[in-house]
There are 2 protein chains.
Amino acid sequence: MLQPPPAEPGMREDEVDTPALILDLDVFEANLDHMAGLAAAAGVRLRPHAKTHKSPVIAHLQLARGAVGQCVQKVAEAEILAWGGVPDILVSNEVVSPRKLARLAALSRLAQVAVCADHPDGVAAIEAAAEAAGIRLTVLVEIDVGTGRCGVAPGPEAVALAERIAASRHLIFGGLQAYHGRAQHQRSAGERAASIAAAGEAAGRVVQALRGRGLDCPIVSGAGTGTFALEAASGVFNELQAGSYIFMDADYGRNDPAPPFRQALFVLATVMSARSGAAVVDAGHKAVAVDSGMPLVWGRGDVRYEGASDEHGRLAVGPEAGALKLGERIRLVPGHCDPTVDRYDWYVGIRAGRVECLWPVAARGAMA
Amino acid sequence: MLQPPPAEPGMREDEVDTPALILDLDVFEANLDHMAGLAAAAGVRLRPHAKTHKSPVIAHLQLARGAVGQCVQKVAEAEILAWGGVPDILVSNEVVSPRKLARLAALSRLAQVAVCADHPDGVAAIEAAAEAAGIRLTVLVEIDVGTGRCGVAPGPEAVALAERIAASRHLIFGGLQAYHGRAQHQRSAGERAASIAAAGEAAGRVVQALRGRGLDCPIVSGAGTGTFALEAASGVFNELQAGSYIFMDADYGRNDPAPPFRQALFVLATVMSARSGAAVVDAGHKAVAVDSGMPLVWGRGDVRYEGASDEHGRLAVGPEAGALKLGERIRLVPGHCDPTVDRYDWYVGIRAGRVECLWPVAARGAMA
């Protein structure tokens, strides 16, 4: 079941039922504007990742600021966006099952869609779906630029795969997917710069090799919120697929002492138990993702979120904070924004202390 | 949005769309029967925790085998169960916000409900809600028996709180909530036995003190899947609230070399990328909870789930396993069953290799 919205427009923030996913709209909009400006100044296209927000509403706010489309990881996410009017969607991921590919092919009548492959068998499966649907599907070759997850090695294998796609009557070669996921979370700027320099060099070699065989790469896509400025300046990447910049999280906050984006996303929680030096809030790891560490407590210097169980968050309350009271509200900064959003059915948009809007997390749970 | 079901009855398991939450129905039913038998033999009531399954369907299967009701952690979970016909529900947790308590009071016209408190301010809030609704609410005192999370100390404070409840015209004193969460995951049987011996002693002292003041404890509730036999044999606890026994998970599996329950719950995943010695499946930590460690790979001796990102699971494939093929299905044993279930809208029930049923995870995301 869809959960009922935890608030109504006009309510004060402290009247919002908890746990709730709240969005500081002023900061969120500043983040949207700032990234749009940076991409334009760098002369690269912005195709933000909807795996972060899972919302056609937010996708349209990005498109209105110049984004060329959206990235997704799953066909089910592509469906939600296309049904919500997003016209151009890249599945920045491999899709291999015939049922999923049939859905993607059907969707390509509603929106421009593209998908990735890293193996000839994957290309054959996409080709079969396109042929069965009587359409042509755009396929990018994913190259592994250092993360060691999906992707073909950035050498002759990648070139052969691109040629295989380009030679098919049912497919269109769309370019390269070259996302360096691991680099996003490297702690030092120097490590990140070295990783993306290597990624750009690898991608550039493949682009050149393809050009030598008469194949152009309309899209060379990569970058996340941790490294986008490096890809933007590389001269190789022409699309940025950063997603988290709109919200930020504790993990990205640790990357940079003065990050270019500010924290816009919070989980609002309520103190449900309190004793001297400690308290418990009603948001455990079902309510806030802990895969990248515990959440931070916002604006309460001497309170620390120590540990999460399913429905409880244990807070250590230092002497400066004084005692927390039952029913008191606390803003938590999620350790990791993407999976936290995926726990909720609603964004609660807050401006000047009041609820301004409710937006559905329309692709919540869209994993298939 | 609710996600569409990933299968239809009659399909083969390898036709189920992934990631999917699958339930081995033979094992699941054996687990249900086994716990019902153990509780009956021990002469204690079984009130299984619905935080695990979030499903009125499964609640009714437990009730049909003699369970006296259900536990939940959240008012929103209580609503889903009561609306689905479950007649007796204990919120084994503190609820402090007036809006939530008003919902709980309203629900008490449909089902027998009870809730916990660990502070006089909490009792006052419950009392106000009961008075406003013109009903009497049953309240248990939660005592901290060693977990250090919620709960009042098991001494004079607990007695005073029980007397405060019993003295109210709008409340009924329901007994003690004495769950030792931390003990569930202690690795050695000796540690668990010591923890529950101490918990039973603490709870027993409070029961005696209350009896001395003329207050009976209709419910003394505790126990999880890791320790239930200890509470059942304690002579103090009269209700067991174990939940995970119906499904089991990798963490509980590590507790005991020959656990009394078998693994019934899996995440079905598909190989979406493969190279020599490694593969990637389409189930990352959005699809399988990693708060208690990585999932295990079921029935594939030489394959290990090494790491999860949002939408990807990285597998190390040993030489004995041979190469995995694109599109191949893998069963994963979740590290932690409760939060994994909470990621899905549907259970896919499997018997003899075929889909037998689809059940909604009706309280998925019911956090409020």
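A, B, ... follow the sequence lines: proteins, then strands. Residue 1 opens every chain. Any value given below was found using the heavy atoms of this structure, including those in side chains, with hydrogens, waters and symmetry copies removed.
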His312(A) and Gln73(B): side chain to side chain contact (heavy atoms under 4.5 Å, CB included), yes or no, with the steps? CA-CA 10 Å; His312(A) 301 87; Gln73(B) 296 287 65; 3.5 Å; yes

For the [atom1] atom of [X] and the [atom2] atom of [Y], what is their distance to the nearest 0.5 Å?
X         : Y         : atom1 : atom2 : answer
Asp338(A) : Asp310(B) : CG    : CG    : 5.0 Å
Glu311(B) : Lys51(A)  : CD    : NZ    : 4.5 Å
Cys150(A) : Arg275(B) : SG    : CZ    : 8.0 Å

Using a 4.5 Å cut-off on heavy atoms from C-beta on, say whether the side chain of Met272(A) contacts that of Asn93(B). yes

Heavy-atom distance under 4.5 Å between the side chains of His285(B) and Val290(A), does that happen here? no

For Glu15(A), is there any backbone N or O sitting under 3.5 Å from a side-chain donor or acceptor partner on Arg99(B)?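 At least one qualifying donor-acceptor pair exists.
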
Quick check on [X] against chain B: is it the side chain, the backbone, both or neither that has a heavy atom closer than 4.5 Å?
X         : result
Arg182(A) : neither
Thr18(A)  : both
Ala76(A)  : side chain
Pro6(A)   : backbone

Closest non-hydrogen atom pair, [X] against [Y]:
X         : Y         : answer
Ser309(B) : Arg149(A) : OG-NH1, 2.8 Å
Met367(A) : Pro19(B)  : O-CD, 3.2 Å
Ser97(B)  : Asp17(A)  : OG-OD1, 4.3 Å

If you tally heavy-atom pairs under 4.5 Å against chain A, which of Arg343(B), Arg314(B), Glu142(B) wins? Arg343(B)

Check this for me, if you would: do Asp291(B) and Lys286(A) make a salt bridge, where the nitrogen-to-carboxylate-oxygen distance has to be below 4.0 angstrom?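 Result for this pair is no, no salt bridge flagged.
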
Would you sort out whether Lys325(B) and His119(A) count as a side chain to side chain contact (heavy atoms under 4.5 Å, CB included), showing the intermediate values? CA-CA 11 Å; Lys325(B) 282 205 305 247; His119(A) 192 282; over 6 Å; no

